[in-house]
Structures are given as structure tokens and as C-alpha cells.
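Below, chains carry the letters A, B, ... as their sequence lines are ordered, and counting in each starts from 1. Quick note: numbers below take in every heavy atom, side chains included, and nothing from hydrogens, waters or symmetry partners. Only a predicted model underlies this, so the values are computations on that prediction, with no experimental measurement involved.
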There are 2 protein chains.
Amino acid sequence: MNITTKGHYGVMAMTELAMHDGKGPVPLKTIAENQGLSEHYLEQLFAPLRRAGLVRSVRGAQGGYLLGRPAREISVGDVLRVLEGPLAPIECALDGNPEEWENCTNPYNCLVRDVWVKLYKTIEEVVNGVTLEELCQKAREAQARRNPMFYI
Amino acid sequence: MNITTKGHYGVMAMTELAMHDGKGPVPLKTIAENQGLSEHYLEQLFAPLRRAGLVRSVRGAQGGYLLGRPAREISVGDVLRVLEGPLAPIECALDGNPEEWENCTNPYNCLVRDVWVKLYKTIEEVVNGVTLEELCQKAREAQARRNPMFYI
DNA sequence: CGTAATCCCAAGTGTGTGGGTCGGAATTAT
DNA sequence: ATAATTCCGACCCACACACTTGGGATTACG
């Protein structure tokens, strides 16, 4: 049940973007330096994020990335689904095209499947329930407390 | 966020064991045939399950495996933790020894970590909340309904 | 207009894991 | 003695992860 660095870094980077919302584009170099990540690797993550409309890009010098829509309208789940794919524990727990699984001849499978479906729904609830705006809010609170961790 | 075939097959096999609870040991061959799985692969899964005390083995002819404790006291989470390892989405969301992560200098990481911790707890709640007994119960209901899927 | 900063794109790479297979040794009921 | 089992360790191959490398296209700024 793990998420990979793609989803992890993706959410972190998106949070930093959200922190700069309304202040012009943020280059990946800045994010990479601030968070100790590889700039080139971040590029790979931002390609699908852009295609999904979660970010907008501005090319050329002084360019960078902007949120594609308000921070309150982007959830952690949105980012994860783009970078990690569907969050179902196993494929046959997905909603769509269950035809593929209709000829499933293993009764135990279909019995246990209900557990995965329940798990899937719960995971979705959690990650859809946290927005970038909320993460920003917490970040600012930490800053306000002059938390030394926050050198942002 | 996927579980692998280990956890999946493991829970299915354990459910079949639970269905035969009190009726003597069930050989892996039977489970493998009933569910269309590889007997050798199942062996690999039952080694750790036995070490964890979730099953007991009876060697030799007419041998097989038995539940290590009552079906009501074995949850899906128990099986998953043995076969999949900890169910935390990322390592630093685990409970124990957070010292390793104390020198985490990335503020965004620690912010986002809260989401993973929440996710971790929710996942645990779901999988710990389903016991083999409940799965058996549902299996028997399906049988009672003469569900053709159930040739068990 | 040149240059530097940036995004964009396509490959390559090394390590690990997933999902098994294979062959055989030890144990035991019949 | 034989057959049915568990037990054990090795092997294997394809694919995913977590990047790196090398460049091309675009644009602000001097």
C-alpha cells in the first residue's frame, strides 16, 4: 500500500506552488532547491500535471509553473490520481468496465473484492478531503509560529 | 496504492481455510485447485503466515494447514501485514522510530506527511475491521442463495 | 540581438520487486 | 514402501522506480 516518490514529491511541489499563488510563476529550479529534489525529475512529474490541467506553464526566462485552478479546488487526490494512476488496491476493485471481471470464476476472489472496494472508497475519501489550500493554511500557521523548520 | 497478489491470494486462501475450520487440515493443493492458483506460490505465502502464527501446519500425507486461531480473531489486516509488510503509504508515516525522520529538513514533506499518517490510520481501520469469520459468513450466505459462483 | 533562464522531450540506466517456477529434502498416514 | 504433504533454497524474467543525460524550443531582459 505505498505511494511512490512521484505522488509524494508531486504533492509537496504542488503545495509550494500553492504557497506562491498569485505571485507569478515558480520555476522548478526553485522548488528543487528548496526541497532538495532533482529538477529533471520534477520535470517528469509536471508534464502529466500540466496535461491534466492542474498546473499551467510559462516558458522562457522568468517562466515557471502556476496552479491551473484555485488551490481550494485541487485536492491531494487529484494530484495522486495523475501521478500514481487509480488508487484502487487492485484492478478489479475499480468502478468502470467490470465486464472484464465478470467471468471471474473464483468465488473467494469476489468475496474478498468487497473489502478492496471498501478500502478503495475510504482511500479516495481521505485524499479527496484534503485540498492544497488546507495544506497552505497549515504551512502558514507553522510559519506564524516561527517554526524554524519553515525557512520558506 | 496497490496490494500485490501476495496479500490478495493470502486473504483468499485464508478465507478458504476458515471455511473448513474444525474439519481437519486443508492441503495447499486443494486451495490451489479450487482457486486456480499456483501451489508452489501459495507455499511461499504460507511460510510467513505460519511463522506469524496465523496458520498451523500438519506435515505428511493427509496433512495441510489449519487456522492458527479462531476465525473471529484473524482480520484481513493481520494477513496483509504479514504478506505485504506495513500498510503505511510511505515509510516516514509509520509509528515507530521517528528519529530517523527527525532530521527531515523539508517542511513541505512534514506537512504532507500528516496526510499520509491519516491515510495510514484509515487503511488500518478498514482492514482491521474485517475478520475471516465475517468473510466466511458472507460465503455461506452466498452458498445458501445457491449462487452458482459458489462451487465450494 | 545575444544570452541566460526556463520549459519541453526522448532516451538510457541501474536497482529492486513482483510473480512466479523448479527441484528436491523431510515428514507422516496408510 | 509409497504417496501425500510440508518445507527450503535457488533461480528467473519482465517491469516499475527513481532517477540521469543530453539536448531542443521559447522567451524576458540587457
Should we count CZ of A:Arg69 as having more than 12 external heavy atoms under 6.0 Å? yes
Taking atom [atom2] of [N] as reference, at what distance in whole Å does atom [atom1] of [X] sit?
X: B:Tyr41; N: C:dG18; atom1: OH; atom2: P; result: 8 Å
X: B:Arg56; N: D:dT5; atom1: CZ; atom2: C1'; result: 16 Å
X: A:Lys6; N: D:dA16; atom1: NZ; atom2: P; result: 9 Å
X: A:Glu39; N: D:dT20; atom1: CD; atom2: C1'; result: 13 Å
X: A:Glu84; N: D:dA18; atom1: CD; atom2: C1'; result: 12 Å
X: A:Leu83; N: D:dC17; atom1: CG; atom2: P; result: 11 Å
X: B:Asn2; N: D:dA16; atom1: CG; atom2: C1'; result: 11 Å
X: A:Leu42; N: C:dC9; atom1: CG; atom2: P; result: 17 Å

Give B:Phe46 one of three labels, base, sugar-phosphate or nothing, depending on what nucleic acid heavy atoms sit under 4.0 Å from its own. nothing
Does a distance-only test, which skips hydrogens and angles, find a donor-acceptor pair under 3.5 Å between the side chain of [X] and the base of [N]?
X: B:Arg59; N: D:dT6; value: yes
X: A:Gln62; N: D:dT26; value: no
X: A:Glu43; N: C:dC9; value: yes

Of the nucleotides C:dC22, C:dG19, D:dC19, which has the atom closest to the B:His40 side chain? C:dC22
So if I take every side-chain heavy atom of A:Pro27 and compare against C:dG20, C:dC8, C:dT6, which nucleotide ends up nearest?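 The closest nucleotide is C:dT6.
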Under 4.0 angstrom between [X] side-chain N/O and [N] OP1 or OP2:
X: B:Ser38; N: C:dG20; value: no
X: B:Tyr9; N: C:dG18; value: no
X: A:Ser57; N: C:dC8; value: yes
X: A:Arg50; N: C:dC9; value: yes
X: A:Thr4; N: D:dA18; value: yes

side-chain hydrogen bond (donor to acceptor under 3.5 Å, both in side chains) assessment of A:Glu16 paired with A:Asn34: CA-CA 9 Å; A:Glu16 182 158 354; A:Asn34 280 349; 2.5 Å; yes
Using the side chain to side chain contact (heavy atoms under 4.5 Å, CB included) rule, take A:His8 and B:Arg113 through it: C-alpha gap first, then chi angles, then the decisive distance, then the call. CA-CA 9 Å; A:His8 189 188; B:Arg113 182 178 176 277; over 6 Å; no
Given the rule in the side chain to side chain contact (heavy atoms under 4.5 Å, CB included) test, do A:Val126 and B:Trp116 qualify, once you have shown the distances and angles that lead to the verdict? CA-CA 9 Å; A:Val126 172; B:Trp116 310 141; over 6 Å; no
Both A:Thr5 and A:Gly60 contact DNA chain D. Which one's nearest nucleotide lies toward the 5' end?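 Per heavy-atom nearest nucleotide, the more 5' residue is A:Thr5.
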DNA chain C nearest-nucleotide lookup for B:Ala61 and A:Gly64: closer to the 5′ end is A:Gly64
So if I apply the side-chain contact (heavy atoms from CB on, under 4.5 Å) rule between B:Ile74 and each of B:Thr131, B:Leu67, B:Leu135, which one comes out positive?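 That would be B:Leu67; it is the only one of B:Thr131, B:Leu67, B:Leu135 passing the side-chain contact (heavy atoms from CB on, under 4.5 Å) with B:Ile74.
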In sequence, state the C-alpha distance, the side-chain angles, and the governing distance for B:Thr4 and B:Tyr9, and then conclude on side-chain hydrogen bond (donor to acceptor under 3.5 Å, both in side chains). CA-CA 9 Å; B:Thr4 69; B:Tyr9 295 174; over 6 Å; no
